[in-house]
There are 2 protein chains.
Amino acid sequence: MAEFDFGDRVVQINQNSLQSKCDTCPIHNRTMCAFAGEDAARELAMISRTRRISAGQTIVTEQDSLDFVGNVVSGVVKLSKTLEDGRQQIVGLLFPSDFMGHIFSDHTRFAYEAASDVEICVFDRKAFETLVQNNPEIQHELLLKVLTELDATREWMVLLGCQNARERIASFLLMLLRRSLQTGCPKEDLPPNPTIRFPINRKNIALFLGTTIETISRQIQSMSKARILKIIDGNTFEIINPGRLAKMANHEEWLEDYPV
Amino acid sequence: MAEFDFGDRVVQINQNSLQSKCDTCPIHNRTMCAFAGEDAARELAMISRTRRISAGQTIVTEQDSLDFVGNVVSGVVKLSKTLEDGRQQIVGLLFPSDFMGHIFSDHTRFAYEAASDVEICVFDRKAFETLVQNNPEIQHELLLKVLTELDATREWMVLLGCQNARERIASFLLMLLRRSLQTGCPKEDLPPNPTIRFPINRKNIALFLGTTIETISRQIQSMSKARILKIIDGNTFEIINPGRLAKMANHEEWLEDYPV
DNA sequence: CGCATATTTGAAGAGTTTCAAGCACAGTGG
DNA sequence: CCACTGTGCTTGAAACTCTTCAAATATGCG
C-alpha cells in the first residue's frame, strides 16, 4: 500500500492500481496524461508526485537546473526574468493543466515562482525525457503543445509591443474569462454577465502586462465608470459588457465569443 | 538530368545524386537537413525547391493557410501581426538557416513577409509533416528547435515589456552582431571593432522593437556621440566598444562575448 | 483593535510618440 | 551635367501617455 498526498485528498492505493491516483486528478483529462497510451500513462503515474507551494515561493530560480517537469494542478505559476537592476518581466503564467518545465536542457533562463498557492504534479525530468523519446506519440503531443505555446507567446508579444495600458488590461481580463470557461463550455452556456476573479495580486499582473499597479488600478476604475465592468471587490469583477471589453482589447482572437 | 535554380547558381544534376543540390547550399549544415539521416536528407532534397521573394513582398498573410515550410537561405523574413487599426508588431525575424512555417496546423495567425530580398528553400508542408512523423529523430530536432525559439521569444518579451528604447536598440545591434558571428567563429577570432549592417529598413526595425523610426534615429545618433559606435553610412556601423554596448543592453545573455 | 500589507488616488515628471520640416541619396530625364 | 522627384532617414518642438513618488484608504490577520 502506498499513500499519496494529493492536495486536500490523501489517496491510498496499492501498486497495481497506481493509476487511480490520477483518476481523482481534476485536470488529468486535459494534460498529456490523457494523450499517453495505457502503458505510458501508468508509467507517468508511477513517476509522478504532488508538490504544494505557497504564494510567493520560488520553485526554481533563473540559471538553476530544473530537474523536474510537470503539470499545474491548481493555482498559478509565473515564469519570469529579472534584470540586474531589479526590473522584472513575467513571460508566462501557467494555469491548471498547463505543462511546466524546461525539457531537454539543463538550465532554464527563467525563474518559476508560485504566483498564488499552487499544487503541481511533477515527474523527474530525466525519466520523463526517456519516456518521451520512447513514445513518439507523446513527443508529438509535446511538440504540438510547444507550438501552441509559441504562438500564444507571440500574441502576447504584440500586446507588449504595440498596445496601450487599457488594451492590455482588457486582454488580461478576457484571457482570464477564457481560461475560466475553457472546461469545454458550449457556446450557448456562456453567462451574459460573467464574473472574473484575479488569481494573482496586482504586482504580478503589472509584471505580466509590462505596466504598473497604479496604471492597472486607474484603468480598472475607469472601466468601472464606463460601465464595462462592476467591481464586486478588489479582486472580483462582473463583466457587464463582454463584447465591449473584447472590442477594447483590439485583438481579433478574443472577439469571437461575445457579440458587441 | 534536372536543373535547379539555386539563387545565383544553377545546378544541373541527375536523379541519383539529388543531394548535390543541397551540397552547394550555404546553410545546409546549420538546418535540420544536417540532422536528418541519409534517407531523410535525400527525401528532403527531393521535395525541396527554392523561391526568391523581393523586399516588401508578402509571402503569406495572416489567416492564410500555409501549405509549405522551409528554411531561409538568404535575407530576412519577418513574422508579424497587424491590428485592425493598422498598428503592426513584428514577432520574429527569420535569418538564414532559420526554419519558417507553421507545422501541424492549417492556418497561421501571423503574416510572413520578405523584410529584404529573400531566398528560401521550401518543402510541401504535408510531405514534410509525414516525413517528420516517420522520423522520430527529425521530430526530436524540431522539438528542440521550437523550444529554443520559445525561449528566444520570451527573452524578446522581456525587452518589449520592461526595457527602454536605448536598451532595445542596443540589444538589436548585439543580436545582429551575434548572428553575423554565428558561423562557428571561435572566441579568439572576435574582431575588436566589428562592423554591423542593418539588413532591413528602419520601419521594420521599429516594428520589431515596438518603437518608432524617429526614436531609433535619435538613439543611434546619441550612441554615436557617446562613442559607442561610429556611423559609416546610414545602415553600417562600426561598434567601437562592444562591451559597453552589451552593458547598455542590460541583458546578461548578450554580455558574454566581449569584455566591458 | 492595531499593525502590516495591498490597493487606490493625486500631482509632478520623464520618456516616447506625433507631427512637421529638413536633409541626403538614387534614379530619371532634359 | 544639373535640376526634378521620390524615398528613407534625421532633427526639432509640442503633446501625450505612463511612470514615479507620495499620501490616503482599504483589507486582512493575530
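These numbers come from the heavy atoms of this one structure, side chains and all, not from hydrogens, waters or symmetry mates. Proteins get letters first, then strands, A, B, ... in listed order; numbering begins at 1 in each.
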Any ion pair linking [Y] and [X] (charged N to carboxylate O, less than 4.0 Å)?
X         : Y         : value
Arg51(B)  : Glu119(B) : no
Arg154(A) : Glu149(B) : yes
Glu62(B)  : Arg109(B) : no

Exercise. When you list every nucleotide of DNA chain C with an atom under 4.0 Å from a heavy atom of chain A, which one comes first 5' to 3', and which comes last?
Worked result: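 The contacted stretch runs from dT7(C) to dA11(C).
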
Is a donor from one side chain sitting under 3.5 angstrom from an acceptor on the other, for [X] and [Y]?
X         : Y         : value
Thr148(A) : Asp151(A) : no
Asn250(A) : Arg166(A) : no
Gln88(A)  : Lys203(A) : no

For this session: Give me the ring orientation class for Phe208(A) and Trp156(A): parallel if the planes are under 30° apart, tilted from 30 to 60°, perpendicular past 60°.
Result: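 Correct class here is parallel.
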
Problem set entry | Any donor-acceptor N/O pair, Asn204(A) side chain to Asn201(A) backbone, under 3.5 Å |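 Answer holds: no.
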
For this session: Whole angstrom is fine here: how far is it from CZ in Phe198(B) over to P in dC9(D)?
Result: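 It works out to 10 Å between those atoms.
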
Problem set entry | Nearest-Å distance for atom pair CD/C1', residues Gln221(B) and dG8(D) |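 The distance from CD of Gln221(B) to C1' of dG8(D) comes to 14 Å, rounded to the nearest Å.
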
For this session: For nucleotides 16-30 of chain D, just jot down a letter per nucleotide in 5' to 3' order: B, S or -, based on protein non-hydrogen atoms under 4.0 Å.
Result: --SBBB---------

